[in-house]
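Data block below; observations after.
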Amino acid sequence: MAGSNPLGHGRIAKADSATMAEAAAALRAGGVVAIPTETVYGLAADASNADAVANIYRIKGRPDFNPLIVHVPDHAAAERLAQFDDRASALAVRFWPGPLTLVLPLQPAAPVAAAVTAGLPTIALRCPAHPVMQAVLKASGLFLAAPSANRSGGISPTRARHVADSLGAATPLVLDAGPCAAGLESTIVAVRDHGWQLLRPGPVTAAEIAQLLGEPPLPVSEARIEAPGQLASHYAPSRPVRLNATQAAPDEWHIGFGTTGGDDNLSARGDLAEAAARLFDALHRGDASGRAAIAVAPIPDDGIGAAINDRLRRAAA
Ligand code: TXA
Ligand code: MG
């Protein structure tokens, strides 16, 4: 298959009770395992184990100034790692389990390796809804640091095969639960003393957060990049990407939307949630198409469309 990793593959195993128990044991022993979540596949390791966390950075080729999200089984467990004020608690009650990551003040005695937070006084926490990630969290009894399971800067994985192609044999076990339902990484919200910031748009929209907290977000200064997912170039295929393309040249692979057709279509019926779920898969296919470039049809900016366009702008940068 095009995009196949020349260094070989880890084992892709259907997620069932036996392979989830195997994954939990491997994680307790300090290993890394790729695990599906409702957003994208994550590359998980014990957040308290410095060597295991170092392995995540090494396998992804991730710069060490880019901190990791820690996955927790529930809100109560999360309070061991971070300080929740009333606003943070309200967000957790409303949106967890689900595709929302909260950046909160780190608890002084939090059992996480220093590399997880990359020296920041805050920690990013997420309680995932996916039953496989939930089962592995509970079976292992660990807090799991898990970035998206792709080479740093590349297209995020929404299928087990994407993980194996991107990370190769360095990831010995990939639990397979089929394509991810949301298909875009979690929304990241930082709860600050004086308000809140949207560090990464995602499946939970800024409007939903603003409505719950009763105030609009504070601006995020570009000069101080706290979420390198927000770096200008990210999620990048190996070919140039052109946006707002109502038509494509013969050497371009055209990713359509709605009635703007193409070689592929994110959602023929113009459904943005469906388009989000298919976006990274479509970019992977465009990358493997053999065409010189990828052209993407215009996507409306409403609701989750804002997160789709955020990822597309970075893929094109
Ligand atoms: O949906 C998701 O969030 C997926 C799945 C696997 O859970 N994970 C994910 O992780 O997208 P990753 O590492 O690809 O993106 C984590 C983002 C990065 O942009 C990182 O800079 C930011 O979270 N981040 C982590 N800790 C932070 C902190 N203390 N302050 C600000 N940003 C932080
Ligand atoms: Mg990522």
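Indexing begins at 1, ligand by ligand and atom by atom, following the structure's order. Numbering of residues begins at 1 and proceeds along the displayed sequence.
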Side-chain heavy-atom pair R159, P179 within 4.5 angstrom cut-off: yes
Contact partition for A146 relative to ligand 1, non-hydrogen atoms under 4.0 Å: backbone
Per-atom contacts of ligand 1 with A124, taking only distances under 4.0 Å to non-hydrogen atoms: 25 (C), 26 (N), 27 (C)
Modelled atom types, side-chain donor and acceptor of S156 and E185, under 3.5 Å: yes
Distance-only N or O hit between ligand 1 and Y41, under 3.5 Å: no
Ligand 1 contact on R62 by region, counting heavy-atom pairs under 4.0 Å: side chain
Nitrogen or oxygen atoms of K60 and ligand 1 under 3.5 Å apart: no
Distance, nearest 0.5 Å, that separates CG of L142 from CG of N49: 9.0 Å
Atoms in ligand 1 flagged as close to N66, the criterion being non-hydrogen separation under 4.0 Å: 18 (C), 20 (C), 21 (O)
Test item, T117 contacting ligand 1 (heavy atom, 4.0 angstrom): no
For I69, atoms of ligand 1 separated by under 4.0 Å from a heavy atom: 3 (O), 8 (N), 9 (C), 10 (O), 16 (C), 23 (O)
Expected output: side-chain Q134 to main-chain P128 donor-acceptor under 3.5 Å: yes
Ligand-side contact atoms (ligand 1) for residue partner S186, heavy atom cut-off under 4.0 Å: 1 (O), 2 (C), 3 (O)
Ligand-residue contact atoms, ligand 1 with L120, heavy atoms, under 4.0 Å: 28 (C), 29 (N), 30 (N)
K60 (side chain) donor-acceptor with N150 (main chain) under 3.5 angstrom: yes
Pairing of D263 and R291 as salt bridge, 4.0 angstrom limit: yes
R200 versus S186, side-chain donor and acceptor atoms under 3.5 Å: yes
Whether H162 and H284 hold their rings parallel, tilted or perpendicular, with breakpoints at 30° and 60°: parallel
Approximate separation, where rounding is to 0.5 Å, of I123 CD1 and L81 CG: 5.0 Å
Any N or O of T39 closer than 3.5 Å to N or O of ligand 1: yes
Within less than 2.8 Å of the Mg ion (ligand 2): protein N, O or S atom count: 1
D176 vs Y41 side-chain heavy atoms within contact, under 4.5 Å: yes
Salt-bridge criterion met for E38 and R126 (N-O under 4.0 Å): yes
Distance filter under 4.0 Å to S148 heavy atoms, resulting ligand 1 atoms: 8 (N), 9 (C), 10 (O), 12 (P), 14 (O)
More than 12 heavy atoms of other groups within 6.0 Å of Q211 CD: no
Structural part of T122 in contact with ligand 1, heavy atom criterion under 4.0 angstrom: both
Min N/O separation H71 to ligand 1 under 3.5 Å: yes
From the candidates P99, P147, S152, the one that places a heavy atom nearest atom 12 (P) of ligand 1: P147
Note: K14-D16 ion pair, threshold 4.0 Å (strictly below): no
